[in-house]
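Here is the structure we will look at, set down as structure tokens.
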Amino acid sequence: MSFLGQDEQIREFQSRFRYLYIVLGTALALLFARLWYLQVIRGDTLRRYSEENRIKRVKVKSPRGMIFDRNKKLIVDNRPAFDLELTPEELYSTKEWKKTVEHISRIIGVKQDGILNTLEAAKGQPRFLPIKIKQDLSDEEVAVIESHKLELPGANIMMDIKRTNLYRDLASHLMGYIGEVNAAELPKLNRGLSADGIPYKMGDVSGKSGLETRWESVLRGIDGEDYLEVDAFGHRRKATDSIAGGLQSKPSVPGKNLILTIDQDLQVAALEAMHKLFGDKKIGAVIAINPKTGEILASLSQPSFDPTEFSRGISPERWNELLNNDYHPLRDKTIQDHYSPGSTFKTITAIAALEEGVIDENFTVNCSGVLPFGNHPFHCWKKHGHGTMNVVQALTQSCDIFFYKVSQKLGIDNIAKYAMMLGLGRKTGINLAHEAAGLIPTEEWKRSRYGQEWSPGETLSCAIGQSYVLTTPLQLANAYAAIATGGTLWKPFLVKYIESPDGRILKEFQSEPLGKVAISQKTLDLVHKGLYQVVNDPRGTSYGAHIPGIDVAGKTGSTQVIGLSAAKLRSTKCENMPFNLRDNGLFAAFAPPDDPTIAVAVVTEHSCHGATMAAPVALTVIKAYLQKYMPDKYSDAAIKLARKEKSAARKTAPAAEVPPEETVGD
Amino acid sequence: MEQERLRQFDWTLILITLAIIAMGVLNLYSATFREAISSGGMTYYKSQMIWFGLGAVLAAIVLAFHYKLLSRYGYLIYFGNLLLLVLVLVAGKASLGGRRWIGFGGFRMQPSEFMKLAAVIAMAKYFENDRTTGGYRLRDIWLPATMILVPAALIMMQPDLGTAMILILTFASLMLFIRIDRKSLLILAATCVIAMPIAYKYGLKDYQRQRLVTFVNPMSDPKGSGYNSIQSMIAIGGGKFLGKGFKKGTQSQLNFLPEHHTDFVFAVFSEEHGFLGALVLLALFALLFLTGLNIAYVSHDKFGTLLALGILTIFFWHVVINIGMVCGILPIVGVPLPFMSYGGSSLITSLLGIAILTNISNKRFMF
């Protein structure tokens with residue numbers, strides 16, 4: 001081995017070492033500078049990023065306010081519901097995962113393809129995230145899944161608190177439903193917030209209809225926020241002490257409760273009464289009001305829907321089914337639909353005539369069954385006429401001819417004056433969406449609406465609540481409430497008070513007057529007498545619906561739904577017409593007649609007769625009300641006792657005056 | 001005589017190395033104390049300590065002999081290693097998308113790691129007796145170049161781009177140091193410039209190309225191929241000046257940081273110990289390089305000088321590329337950080353490297 005020349009080479013190498021030091025120094029300086037940049041200059045930002053990585057904000061759901069009836073009976077609640085979730089990570093862990101899907105499909109009754117599609121749609125997201133397969137499992141489904149858990153890897157049952165209407169489809173229109181806030185609603189909702197209001201976010205829920213939307217700001221529960229430490233796979237770790245770091249968790253704020261003026265027992269009574277008459281073909285509205293306050297005691301619209309279904313996400317098929325139903329289950333018929341009031345309007349015509357002095361209690365009309373009027377004779381519903389009628393008898397027996405004659409003396413504008421005084425033809429202002437105004441025609445109205453002069457014949461039709469006259473069931477009930485007391489026309493309202501989640505009363509609502517009823521006591525007495533006899537006089541049109549011991553004053557009505565010629569109308573019995581062409585039945589009433597505390601209006605569509613198909617519903621509601629709130633006078637025992645005393649009295653003194661005559665109808 | 005030898009024994013490098021290894025094991029403990037190596041059930045840091053023990057024994061053996069033996073058996077070592085690389089491709093164990101290991105009973109060995117040492121030994125031997133002056137021309141270096149390119153190609157086929165690159169970089173660095181003829185250098189440089197796009201298009205696998213794209217713009221795919229780089233920078237930066245504390249690095253503890261026991265250990269360390277900690281570590285590496293360079297400088301033997309420089313070059317590129325990629329100034333290529341990253345073959349190779357350097361240092365007075 002020769003070392004010759006090696007020393008020189010080594011010396012030459014050594015002379016180049018400075019380059020190595022330069023390279024080394026440069027490289028280390030670069031790394032140093034980079035570390036300085038990342039850890040010192042950008043340290044705060046990157047620290048924040050690392051915090052955002054590990055700290056996940058989670059929603060703490062807060063319950064929405066509950067809705068109670070006037071006696072604190074719970075109507076709308078938040079109840080646990082169970083959903084089935086599948087976690088792909090676990091599901092796919094076995095080779096037989098398709099069998100698992102098949103098994104699940106059998107248990108929950110969802111097609112395998114449907115489940116596979118749901119899984120497919122969630123492909124993009126991490127496999128540890130559970131996928132919702134079915135909502136609202138039945139108790140049996142929950143039990144079966146839980147007991148087969150070991151054979152169903154990946155299947156998991158999750159509990160969620162969901163809006164639940166305890167009475168299902170009873171008063172669904174009133175309560176309304178809720179749903180997730182969508183992008184279109186977001187700006188509108190947030191504009192409507194008070195200055196310190198917490199903005200809505202996508203995924204929050206809000207009321208979509210009925211009281212749920214009208215009282216959104218009260219019912220809304222504001223979700224809180226909590227912070228959890230998560231790892232890169234999204235698995236939650238125990239929150240560590242170091243988590244705080246200036247991040248404040250926000251407590252959730254539960255919604256406030258609504259206590260309604262509604263009495264749920266009356267609702268149930270109304271529905272049962274309708275069901276008794278119509279079975280599943282219930283179409284119509286029932287509304288009950290306290291005439292002394294304007295509190296709505298019952299409000300029912302049929303057919304109906306279950307708001308719970310909506311609040312939990314309704315299927316498009318079910319939605320279409322409801323939307324395309326001929327009898328409009330989604331409409332609140334108590335306020336959104338208006339009807340011809342028919343003979344129930346005669347009460348208003350009578351009041352107008354008496355107050356305007358065109359008639360008095362002695363004024364009579366001889367009803368022969370037909371009134372010649374130009375070349376168009378007007379008929380009474382009673383073919384051969386009522387004979388001689390005064391105003392009380394005309395109301396009792398609902399004589400059309402009497403009111404035709406009276407209306408000729410009155411003119412439409414005088415009728416309209418009193419109708420409007422009683423709140424007809426304009427919105428009551430109830431705090432619900434889409435209230436219809438109804439219509440009370442005047443001569444001026446016809447001119448501006450049609451550019452035509454009022455024709456005298458129209459006055460005749462309007463006097464008996466046909467033609468242009470339209471009222472909502474709510475207006476009708478409210479008008480009768482005003483007639484009942486003769487005092488104040490109240491604005492109907494639904495919420496008695498707002499309560500904090502812990503039960504303190506936060507705000508109580510007072511009655512609001514819409515106007516004074518300027519009707520003389522004499523007129524009231526005459527009208528009340530007529531209405532009392534409608535139910536209680538054997539000649540009264542709804543004597544057949546009369547419940548012994550339950551004192552009611554009311555008025556029947558039945559109205560054509562389409563303009564049929566009078567001849568055809570009389571030649572065909574209502575029951576023999578196609579269902580959709582049959583008359584609507586109406587009944588408006590108040591009770592007890594001497595000191596009214598409830599007024600009711602009932603409309604039953606295509607039921608042909610108000611007397612037999614609407615009055616029983618109203619009377620059932622009134623009975624339920626009187627028995628509940630005035631038991632010492634109207635309980636079954638009290639009624640029995642009173643009748644015994646009465647018959648004992650009758651034995652001693654011969655009572656007579658009532659000649660029996662069968663007249664059922666109007 | 002024994003005492004004389006002991007006095008001449010250069011402890012400097014060994015002490016520096018032990019300091020880095022201690023930090024490395026602690027860091028591994030912090031990063032992975034919850035996890036067990038899937039197969040054995042043993043934790044990473046314990047396994048690393050066993051590898052260290054084994055490496056220490058091998059290092060001691062290296063220190064017992066004169067490093068000149070390496071010159072004598074240089075080619076034997078080289079070809080033996082080359083054979084192992086072929087064996088890896090034929091009968092290697094696959095893991096993480098590569099075929100890099102061969103098994104020895106319960107152990108696994110990564111011949112590409114040892115190849116780096118074998119290659120510099122062979123190179124040092126090749127140039128030891130060469131007396132070319134005035135710069136090497138292309139025709140002078142085709143043989144050593146082939147000596148490097150063959151194993152580099154084999155390693156590339158595993159595929160292990162990082163190690164292959166280190167091998168080529170080491171060779172290139174040494175050649176530059178030994179001096180290449182100016183004209184040849186220009187031709188080589190031109191060839192590289194032309195070859196680069198071709199290599200990019202045909203030589204790289206899809207995921208490797210993707211890494212380069214995301215290096216240029218990590219945000220082009222923050223959840224995919226850019227994820228590692230971004231999370232690593234967040235980890236390092238999030239450590240700020242003083243760090244989040246031992247076992248408190250959220251990026252690594254909560255698994256946001258990938259490969260936190262191998263390629264990204266530096267990020268774990270920097271997150272937990274901050275700029276200050278990283279500076280200490282970097283300073284230790286700097287000390288190691290300076291000490292090593294001094295050994296190369298004072299060696300009176302061309303083989304020793306070249307071997308020392310070769311070993312240092314390997315260390316240098318490992319450190320620069322690893323920290324560079326973890327910091328986001330170099331693209332992500334799988335290159336471990338010596339003494340810090342988990343991995344038996346890497347640790348043993350590094351320890352052997354230190355042993356050889358120390359050996360060279362110890363023998364400096366013998367000429």
Side-chain angles (χ1 to χ4, degrees), chain A residues 1-21 23-56 126 229-237 240-243 245, chain B residues 128-131 133 173 176-179 230-231 233-241 243-244 248-251 253-258 270-271 274-276 278-279 282-283 285-286 289-290 293 296-306 309 312-313 316 319-320 323-324 327-329 367:
Chain A
M1 202 186 287
S2 162
F3 289 166
L4 223 93
Q6 186 176 289
D7 286 348
E8 286 76 29
Q9 268 198 330
I10 288 175
R11 262 193 295 281
E12 200 198 330
F13 281 173
Q14 284 173 336
S15 72
R16 291 181 215 153
F17 261 64
R18 58 194 154 118
Y19 298 116
L20 297 182
Y21 289 113
V23 170
L24 178 66
T26 312
L28 292 177
L30 258 171
L31 293 181
F32 171 85
R34 179 65 177 178
L35 287 171
W36 178 265
Y37 170 74
L38 286 178
Q39 300 190 286
V40 177
I41 298 176
R42 295 201 61 205
D44 287 332
T45 313
L46 293 171
R47 170 71 64 95
R48 203 182 68 234
Y49 288 169
S50 77
E51 294 295 278
E52 284 168 6
N53 259 347
R54 78 183 173 105
I55 294 170
K56 284 282 161 291
E229 186 173 53
V230 294
D231 67 13
F233 312 111
H235 297 306
R236 284 176 190 182
R237 300 260 172 162
T240 58
D241 48 317
S242 58
I243 212 165
Chain B
E128 178 184 11
N129 298 315
D130 197 284
R131 294 289 175 269
T133 48
S173 312
L176 278 175
F177 180 77
I178 298 170
R179 180 175 284 177
I230 292 169
Q231 294 303 335
M233 283 191 273
I234 291 175
I236 295 171
K240 302 219 282 187
F241 195 77
K244 293 178 180 171
K248 284 183 182 155
T250 57
Q251 285 287 98
Q253 303 293 336
L254 299 171
N255 290 314
F256 292 103
L257 193 63
S270 306
E271 182 183 26
F275 180 73
L276 215 58
L279 204 61
L282 218 53
F285 274 116
F289 292 133
L290 292 175
L293 280 177
Y297 188 88
V298 299
S299 171
H300 299 292
D301 161 37
K302 192 178 173 193
F303 177 73
T305 301
L306 285 176
L309 281 178
L312 284 172
T313 311
F316 175 78
V319 170
V320 169
I323 298 181
C327 288
I329 50 175
F367 297 98

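Every chain is numbered from 1 and lettered A, B, ... according to where its sequence line falls, protein lines coming before strand lines. Heavy atoms only: backbone and side chains are in, while hydrogens, waters and symmetry mates are out.
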Verify side-chain contact (heavy atoms from CB on, under 4.5 Å) between Met233(B) and Arg34(A), making sure each step is shown before the conclusion.
CA-CA 10 Å; Met233(B) 283 191 273; Arg34(A) 179 65 177 178; 3.2 Å; yes

Stepwise side-chain contact (heavy atoms from CB on, under 4.5 Å) test for Gln231(B) and Asn53(A):
CA-CA 9 Å; Gln231(B) 294 303 335; Asn53(A) 259 347; 2.7 Å; yes

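- Not a single donor-acceptor pair under 3.5 Å links the side chain of Arg54(A) to the backbone N or O of Thr250(B).
- Among Val320(B), Leu293(B), Leu312(B), the one residue that satisfies the side chain to side chain contact (heavy atoms under 4.5 Å, CB included) test with Leu24(A) is Leu293(B).
- One distance of note links CD of Glu12(A) with CD1 of Ile178(B); it measures 11.0 Å at 0.5 Å rounding.
- Neither the backbone nor the side chain of Ser173(B) comes within contact range of chain A, judged by heavy atoms closer than 4.5 Å.
- When each of Val40(A), Leu31(A), Leu30(A) is checked for heavy-atom pairs under 4.5 Å with chain B, Leu31(A) comes out on top.
- With a 4.5 Å cut-off on non-hydrogen atoms, Ala235(B) does not touch chain A at all.
- Partners of Phe303(B) according to the ring-ring contact (aromatic ring centres under 6.0 Å, His included) rule, which considers only residues two or more places apart in sequence or in another chain, do not exist here.
- Of the listed residues Phe13(A), Tyr49(A), Phe17(A), the one with more heavy-atom pairs under 4.5 angstrom with chain B than any other is Phe17(A).
- Lys240(B) is linked by a salt bridge (Lys or Arg N to Asp or Glu O under 4.0 Å) to Asp44(A), counting only residues two or more places apart in sequence or in another chain.
- Of the listed residues Gln39(A), Gln14(A), Arg48(A), the one with more heavy-atom pairs under 4.5 angstrom with chain B than any other is Gln39(A).
- Heavy atoms of Leu279(B) lying under 4.5 Å from chain A belong exclusively to its side chain.
- Both the backbone and the side chain of Arg16(A) come within less than 4.5 Å of a heavy atom of chain B.
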side-chain contact (heavy atoms from CB on, under 4.5 Å) evaluation trace for Leu176(B) with Tyr19(A)
CA-CA 11 Å; Leu176(B) 278 175; Tyr19(A) 298 116; over 6 Å; no

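- Of the listed residues (Leu28(A), Ile41(A), Thr45(A), Leu35(A)), the one with the most heavy-atom contacts under 4.5 Å to chain B is Leu35(A).
- In terms of heavy-atom pairs under 4.5 angstrom with chain A, the leader among Phe285(B), Phe289(B), Tyr297(B) is Tyr297(B).
- One distance of note links CD of Glu271(B) with OG of Ser50(A); it measures 6.0 Å at 0.5 Å rounding.
- Aromatic ring centres of Phe275(B) and Tyr37(A) lie farther apart than the 6.0 Å criterion allows.
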